[in-house]
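Each remark here refers to the structure printed beneath this line.
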Amino acid sequence: MGGVKTASQAEAGQTADQQRLITYAEAGVEAVREEMRRDPSIFYMGQGIGPRGGNFQQSRGLWAEFGGERVRDTPIAERGQTGLGIGAALAGSHPIVDIVFLDFVLEAICEIIQQASTIHYISDGKFKVPVVVRAAGGGIRSTGPHHSHTFYSFFMHIPGLKVALPSTPYDVKGLMKTTLRDDNPVIFIEHKALYNIKGHVPEEEYLIPFGQAAVRKPGDQITLVAMGQMVHRAMQATVRLEQEGISVEIIDPRTLAPFDKDTILTSVAKTGRLVIVDEAYAACGVSAEIAATVASEALYELDAPILRICTLPAPHAFSPSLDNYLVPSVDRIVSEVAALVGKKL
Amino acid sequence: MKPPNGLATSLYRGMVEIREFELKAKEIFRSGKMPGFIHVYVGEEAIAVGVCANLRTDDYVASTHRGHGHALAKGISARSAMAELMGAVDGCSGGRGGTMHLYEPSVGFLGSNGVVPPGILIGAGAALSAKVRGSDQVAVAFFGDGAVNNGAFHEGLNLAATWNLPVLFVCENNLYATEMPFEQATKNTSVASRAAAYKIPGVTVDGNDVLEVYAKAGEAVERARRGEGPTLLECLTYRWFGHHEGDPGTSYRTKEEVAAWKKKDPIQRLREKAVAESWATAGEFNDIDNEVSRVIQDAATFAVGNPQPAVNTALDHVFSN
Amino acid sequence: MSFAIVMPQLGLTMEEGTVSGWLKKPGDVVKKNEPLFSVSTDKVEMDVESAVDGTLGKIIVPVGETVKVGTVLAYVNGGDGEDITAIGSEQPSSEDLEESSAPQEGSIQPTSAPARSVVEQTSDRARSRQSVSPRARRLAKELGVDLAAVRGNGLDGQVTEKDIRGASAGPRDRVASSDGARRQLIAERLTQSVQTIPTFSVAAEVNAENFVALHESLKQSMAQAGGAKLTITDLLLTVFAQTLKGNSELNATWEGNAVSRRTSVDLGLAVATPKGVLAPVIRNLGSTNLQALVARRIELVEKARAGRLSLADLEGGVGTLSNLGMYRVDHFQAIITPGQSSILAVGQIRKRPWVSETLSVKPTVMLNLTVDHRVADGAIGAAFLSKMVELIENPQNFSWQSTASSGDGAGRRSNA
């Protein structure tokens, strides 16, 4: 399949009895805890992340270990929290601002884009802004129109911000540790439907660099790029597609900024076909950015039009029937990918 | 009461430096050589100087769009600031920030700001960092009357009060937010009274009396440094000129009002009082005037002659390392 | 309480249907069992009754739209349901549209007409261009393939990589038109065969008296039935195929490092053409009746002589029949086609001395079967040849015009 090591091969680097299975949420907590022990400048604030341990248990045990100065609950004031986090970062701290539900990052977006993303540049490199904005995006079980968004395209759009989008427990830990050692503002977006999934996470310390995609599954007929929860749906879809003789290579970018386009370009040169599965909307989304990049840098490798499978352009409906229809389902992925090679499934 | 030796002259010098700097900046701007648009601090010098005279070098200041005064008072050199206004390479922000984005970590200057209330949050955030680190540094967040009706004011003050942060919130109430008179922007025209909503001390001072500002700010800084939390300091003042260069400032203000406030010039008031009380002589003040004049002229010559940053650095510093 | 009116399942295989008429308007009273709308499918056109009493609400699927079975078409509201007609229609009426697009006094008028024709021209031009994927276009350039000669088999007839690779030159794959190229191809393949396939041959002289008689009678009856001309070759192909059908050892080829057995019988027929010998493959001989075989043989021979055979036509056979009986050749040995495991060489049918108990004169024919020794050993080859001999000498045991489903051909049902 070529020299690319799949993420699972990297993850499976340990012997069987060294591999632990922990949840996505636990992996995040571990990363934060280890880094907070290592670096006293890191502190954590957000709604409900103190004694409660976070709405998704994403900060469980941290308050008990580090106390209320370093792990502090905030009132409902996302702009205030984030603005203070940025100020603290300028003064030498490394705060994690937990927005909890990604939808509410909009309350803080002025601070993130106008202040956090610009200050290092406009101060001529004199000030660093090591602030982490952490939140869970995506829908699960009808979280509805105000709690289901996947806002990451506008962060990817802005120079000066790094954006991480882990889809497995292994990735959460590795990327969070890298995040907390990075001097730049990082938007760390988890997926609320993935908090309880389990995955292999080594005991030993490891970091995952930004800008390194993971090949989740090798294939040679179609390149499929997916993010967050969609990685898992794509994996399920390929089980069915493989049965029909359709070989799909699944690539998970893991970080949107910096973005690993080379892995995708190499894959498209092999397969000639590109599908992007994104839970966000298609218009001006990450899928559009990937499509444009491939069309401009690998046009002569394309043997078929680029296909984008995204949430249909409507607010996130509450009713499960509508919700499941709007957001890309495994069935929709199967049938649209199959149609790309002329099969009806 | 006699101020400590040398305080009057040092406060005077600070104010004159700002005054001369701003007038010189206006002159360069009008000559067409200065890019962007500037918001000058003329008339409000007592506040920046009176507050910052209480601060250590390692204390923090977060400023506004009208921030040249804060920058100079906190210790950024005139040369460095003027070059920045020109967008030149030796400006404190390398020419990348300009008038509204002066940055200087070596003196704790966390930036003037093109957006209205974020300075409140940035200042409070720096105070939060100090507290978590267990340091006795304090932070000052400057803002105008235009900021107090914004959500960030509320969120910032509430968080600072709840967490007992070592920050001084200084409102430079010059009665107008661009062209909006304060009394038309809010029913409650007392900024200091808002402090009660957060259960922190709220103090109103004559923003054109540098000694009063110095004293009250000093109390608040000490309170913060002792760990007793934030204070809201409302300084009543007035800007002589329009909101920004190009705005005459008379379409929403009367000439009589402007003239009346000019008579309360903070620099003149200090000088007259100091001479009257024999804290210093006229000669000393004249020397200061001349010295500052030379410094500012030197800064202007330096800045106007300073080159622009090379274009091959345009993509530097988007990210750190 | 709203009741959903859905596209009904009007037949076991129905997957979608078209609303061909609404018999009520929104706001009308609807009674249970009263016809409410009509549906048309590829098989049927019928009215559908309402299952409830109530008032018809907003119509979601209008006349003329085709939707999947189970799709909601409209709602019927219970007696105390809300008045849905109060909700304004979403589509502006066509009159509204015309009004609003009428140009203002003295403004943009002049440019509106030319703009439309520019767009049309562009799309005309686009339509006449062949749809070729960027990858295919690049490959065509690299491989020197003429796009105009390539047929697209991708989505919507687009020319894709696969089509270019299929059409591109490669010495083994080309059905080229130049003599030199063809000879080179034949030379390469035969050399490869001789160098890589270990062979043995078995031969027999066969009494063809009965076989010739069979040919005469079948030829006549088929001609009378309006069929094409039956030849000895056709009958020989049938013999070869039927024997393969009942003999799995030789219905196999050597692939990779093992014997690979087959389920169908596909045989090549050597055809001499002006540009060299070609052996197009007739497929599925085990289930082809004589009529069909003749037709197929004629078609392929014509294609071969006209140089119109495709790669697919030449690949996949398990063995080949080479009949040189039209020449004064008694017997000969042929070379196995690479990828196959046997070749049957047939000489001329001539009157020759024949000894059974006494000496007589019979028409005989010499068969020579060359076999890939990796696939079968001598005894297998010999037994196979013997079976063919038996079939030729005693053709009455086989029903020639229908397909036989087993080797012995005795009274079995045909699979046609």
Side-chain angles (χ1 to χ4, degrees), chain A residues 219-223 241 244-249 264-275 291-309 312-314 317 319-326 329 331-332 334-345, chain C residues 1-7 13-16 42 57-58 60-61 65-75 87 90 123 126-127 129-147 150-168:
Chain A
D220 54 43
Q221 246 184 310
I222 296 176
T223 301
L241 289 165
E244 302 291 330
I246 302 173
S247 169
V248 179
E249 179 155 281
I264 296 173
L265 292 171
T266 303
S267 178
V268 172
K270 176 174 64 169
T271 66
R273 291 177 193 83
L274 176 65
V275 176
T293 302
V294 171
S296 76
E297 298 191 34
L299 181 67
Y300 300 104
E301 301 297 350
L302 287 172
D303 212 17
I306 298 172
L307 172 64
R308 299 194 282 158
I309 304 176
L312 300 177
S319 154
S321 69
L322 296 181
D323 190 22
N324 292 332
Y325 178 77
L326 290 170
S329 61
D331 286 344
R332 169 141 74 104
V334 169
S335 80
E336 293 197 24
V337 172
L340 192 60
V341 289
K343 280 210 171 139
K344 192 166 184 314
L345 286 183
Chain C
M1 173 51 202
S2 292
F3 185 85
I5 305 292
V6 301
M7 175 60 72
T13 58
M14 177 184 171
E15 284 183 359
E16 56 185 26
D42 54 359
K58 196 157 117 64
I60 298 166
V61 176
E65 214 174 286
T66 303
V67 294
K68 282 198 161 65
V69 166
T71 305
V72 177
L73 307 174
Y75 288 96
I87 301 169
E90 287 129 22
S123 63
R127 250 180 269 130
R129 276 173 57 179
Q130 191 185 22
S131 173
V132 181
S133 86
R135 192 178 178 106
R137 212 175 270 280
R138 171 179 60 84
L139 267 172
K141 218 166 163 182
E142 283 170 19
L143 298 176
V145 172
D146 177 13
L147 276 175
V150 178
R151 203 180 62 172
N153 292 307
L155 296 171
D156 296 331
Q158 187 181 54
V159 174
T160 64
E161 173 181 8
K162 206 164 163 190
D163 301 316
I164 300 296
R165 291 214 184 270
S168 80

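Worth knowing before you read on, the calculation uses all heavy atoms, side chains too, and leaves out hydrogens, waters and symmetry mates. Here is the naming used below: chain letters follow the sequence lines, and residue numbers restart at 1 for every chain. Since the structure is predicted, the reported quantities are computational estimates derived from the model, not experimental observations.
Heavy atoms of Ala339(A) lying under 4.5 Å from chain C belong exclusively to its backbone.
Across Ala304(A) and Ser133(C), no two heavy atoms sit closer than the pair N-CB, 4.4 Å. Here the closest non-hydrogen pair linking Asp303(A) and Glu161(C) is OD1-N, 2.9 Å.
Shown here is Lys343(A), whose NZ atom has more than 12 heavy atoms of other residues, nucleotides or ligands within 6.0 Å.
At distances below 3.5 Å, not a single donor-acceptor pair connects side-chain atoms of Arg135(C) with backbone N or O atoms of Leu302(A).
Here Glu142(C) contributes atom CD and Tyr300(A) contributes atom OH; the two are 12.0 Å apart, rounded to the nearest 0.5 Å.
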